[in-house]
Amino acid sequence: MVVFGGMMAARRACADDQTLNRIRQRGTMVVGTSPDYPPFEFQINQNGKQTDVGIDIEIAKQIAKDQKVKLQLKNMSFASLLVAVQTGKVDMAIGGINPTPERAQNVDFSKIYYSGGQSFLINKSQAGQIKSKKDLEGKKIGAQSEALQYTLAKKNIPKAQVTGMEKTPDLVLALKTHKLDAVGVEKPVAAAYTSNDPELKEIDAGYQLGKNDVGAAIAVQKGNPAMVRALNQSIDRIHQQQLIPGYIKQAGKHMKANTQNTSMWHYWKYFANGVQYTLIISVVSIFFGIILGVLLALLRLSRFRVFRWLSISYTEVVRGTPMMVQVLLVYFGLGVLINIPALTAGIIAVSLNSGAYVSEIIRGGINSVAKGQTEAAKSLGLNASDTMRFVILPQSFKNIWPALGNEFITIIKESSIVSIIGVTDLVYQLNVVRADTYRGVAPIIVAMVIYFVISFILTRILNFYERSMNHG
């Protein structure tokens, strides 16, 4: 067994080592990133199109150029980047990722391509009380979830209450509303925020760390030495040609351009694009959710115990687990077998989730139909299938119309969870605008208004058809 396991591991390593060749044959390098971390990666409005820019993006472009392939960026949350690498959804991930020993157990890393040091963002009004990390003992500190800054604060600041959030803009908003006393970030990120927000101040973190403890590296799937060598060669070339100072300067220009006009109207295309994807996901998901719900409801009412068991089990599992977990399972879990695009994975996950709830709604509607209707259908010579199709289901849908409408509205709001895998829905665009403009509250208000308007209009339409059916 040991010999067999060793042979399989060697064979897998040999197969995985062909990743670079597959990239070259495909002619495209797929890179995962999280564009909410200026100046490393963020977005700008370029000729009416959302474009990823920043230090990391320029490095990724150079790597793709060295390999003579096209660059394809896949945006997602920071917490999903390493999972995307492990499951093969992306060829590599770049996003200010620190190559910690814990992470190195699951992915391989390139050389350090940038070391910027660690800082804290604080409110300028507290500059007199907070001058160093010693003053943060027992205070509330925020950091990006699963990031190095979170671990450093936990280990180095006694009695600190460390809070993790997925998005840096969320942390900064919490800081500015005095829910946090400080936010741990890398020095370039701190400089980006303080240069664009006069209410914030940067202080040095004061950690005693080596270069490898604070640097950023590129993550690739385990067992890819050829890929790592290629990345290291590109990184060496970037350092030899001293390209990173130019990348930083270019990122600064983009950041300055972003903050010249931070009105929400200037970013209307972002929100419009988000509404488009939100509606696509919601409409398609509720359509397939109803089909699945009808099937599950009929199985639940079947006289065969195995069918009833399958329906009950499915419904209980879906209703007993968070939709976020279901989205991640579909995108990354099935992604091991089939390369599913983020939008498709989001629609599948939301449809499967909706089907479980719709099935219970439909089952309740079927049970609400008077038994006399079934007896009348039998007296007319209809079999069980035709009775269900032409008599029971039409009446049950009339009874459950309000509940189905409520499920549709719920899906519109809950589908926002797909932003975690990079689907550019309304919540995803909200976070992009917050990162680009350094405005924490205004984009949230715009998104709330948009969700309310959509829900309000849809409610009125559903009520109209409900009255029409009742009059009929």
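Just the heavy atoms: all of them, side chains too, but no hydrogens, waters or symmetry mates, feed the values below.
- Here the closest non-hydrogen pair linking Leu171 and Gln144 is CD1-N, 3.4 Å.
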_I'd like to know whether Ile203 forms a side-chain contact (heavy atoms from CB on, under 4.5 Å) with Ser119, so could you lay out the CA-CA distance, the side-chain angles of the two residues, the decisive distance to 0.1 Å, and finally the verdict._
CA-CA 6 Å; Ile203 63 171; Ser119 294; over 6 Å; no
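- A donor-acceptor contact closer than 3.5 angstrom links the side chains of Tyr428 and Asn75.
- You'll find the ring centres of Phe40 and Tyr114 inside the 6.0 Å limit.
- Looking at Gln326, its side chain does come within 3.5 Å of a backbone N or O of Val318 through a donor-acceptor pair.
- Of the possible polar contacts, one joining the Asn156 side chain to the Leu152 backbone as a donor-acceptor pair under 3.5 Å is found.
- Atom OH of Tyr113 sits in a crowded spot, with more than 12 heavy atoms from other residues, nucleotides or ligands closer than 6.0 Å.
- Donor-acceptor pairing under 3.5 Å is recorded for the side chains of Asp52 and Gln43.
- Using the six-membered ring where Trp is involved, Trp268 and Trp265 have ring planes that are parallel, under 30° apart on the 30 and 60° scheme.
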*Might you work through the side chain to side chain donor-acceptor pair (under 3.5 Å) test for Gln149 and Gln118, ending with a clear yes or no?*
CA-CA 8 Å; Gln149 292 76 24; Gln118 300 295 317; 2.9 Å; yes
_Please determine whether salt bridge (charged side-chain N to carboxylate O under 4.0 Å, His left out) holds for the pair Lys176 and Asp197, giving the CA-CA distance in whole Å, both sets of side-chain angles, and the decisive distance to 0.1 Å._
CA-CA 10 Å; Lys176 295 181 68 173; Asp197 193 329; 2.6 Å; yes
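- Looking at heavy atoms from C-beta onward, Ile141 lies out of side-chain contact with Val183 at the 4.5 angstrom threshold.
- Remark: Arg460 qualifies as a cation-pi partner of Phe456 under the 6.0 Å distance and 45° angle criteria applied to the six-membered ring.
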Considering only distance and modelled atom types, tabulate donor-acceptor pairs under 3.5 Å from the side chains of residues 438-455, sequence neighbours left out.
residue	atom	partner	partner atom	Å
Arg439	NH1	Thr262	O	2.8
Ser455	OG	Tyr451	O	2.9

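- Among residues two or more places apart in sequence or in another chain, the side-chain hydrogen bond (donor to acceptor under 3.5 Å, both in side chains) test is passed with Ser354 by Glu407.
- At least one donor-acceptor pair under 3.5 Å links the side chain of Ser311 to the backbone N or O of Leu296.
- With hydrogens and angles ignored, the 3.5 Å screen pairs no side-chain donor or acceptor of Lys74 with any backbone N or O of Thr33.
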